[in-house]
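All remarks here apply to the structure that follows.
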Amino acid sequence: MRFTIDARGQVLTSALESSSLGDGLVEACLLDLMKTCTFPKPLGGGHVALAYTFDFAPGFQAHTP
């Protein structure tokens, strides 16, 4: 995922660089979720462009009573 952070630490843009999920709805949800994240303010202000790889793996199952 690529995203841009503004001088306040808010995510301005987010985009998929590539994905192996194979589920467009989940990918769109992750992009929308990224836009709600707040990061530390960049040193010196301005905008910062980043790329980060997220790895998802099965293993956790929520317990439903």
Side-chain angles (χ1 to χ4, degrees):
M1 182 178 295
R2 291 193 171 277
F3 50 100
T4 304
I5 299 169
D6 69 12
R8 297 169 300 149
Q10 303 293 315
V11 176
L12 290 176
T13 63
S14 63
L16 286 179
E17 186 170 292
S18 65
S19 175
S20 60
L21 283 175
D23 189 324
L25 290 176
V26 173
E27 293 164 351
C29 183
L30 291 169
L31 289 172
D32 287 342
L33 182 62
M34 178 56 72
K35 292 177 185 175
T36 69
C37 295
T38 302
F39 293 86
K41 295 177 182 179
L43 296 176
H47 294 171
V48 176
L50 301 161
Y52 190 83
T53 300
F54 293 90
D55 291 316
F56 297 96
F60 176 78
Q61 290 185 317
H63 175 71
T64 305

Over all atoms of both residues, closest heavy-atom pair of P42 and A7: CD-O, 3.7 Å

Rounding to 0.5 Å, atoms CD (Q10) and OG1 (T4) come to a distance of 13.5 Å

Contacts satisfying ring pair (Phe, Tyr, Trp, His ring centres under 6.0 Å) that involve residues 11-40 (not counting sequence neighbours) are F3-F39

Solution key, residues 43-56 side-chain donor-acceptor pairs under 3.5 Å, sequence neighbours excluded:
none

Which pairs, with at least one residue in residues 29-44 and sequence neighbours excluded, count as a salt bridge (Lys or Arg N to Asp or Glu O under 4.0 Å)? none

Should V26 and M34 be counted in the same cluster of Ile, Leu, Val, Met, Phe, Trp and Tyr side chains packed under 4.5 Å apart? yes

May I have the list of side-chain donor-acceptor pairs in residues 14-21 shorter than 3.5 Å, sequence neighbours left out?
from: S14; atom 1: OG; to: L31; atom 2: O; distance (Å): 3.1
from: E17; atom 1: OE1; to: R2; atom 2: NE; distance (Å): 2.5
from: E17; atom 1: OE1; to: R2; atom 2: NH2; distance (Å): 2.9
from: S19; atom 1: OG; to: L21; atom 2: N; distance (Å): 3.1
from: S19; atom 1: OG; to: E27; atom 2: OE2; distance (Å): 2.5

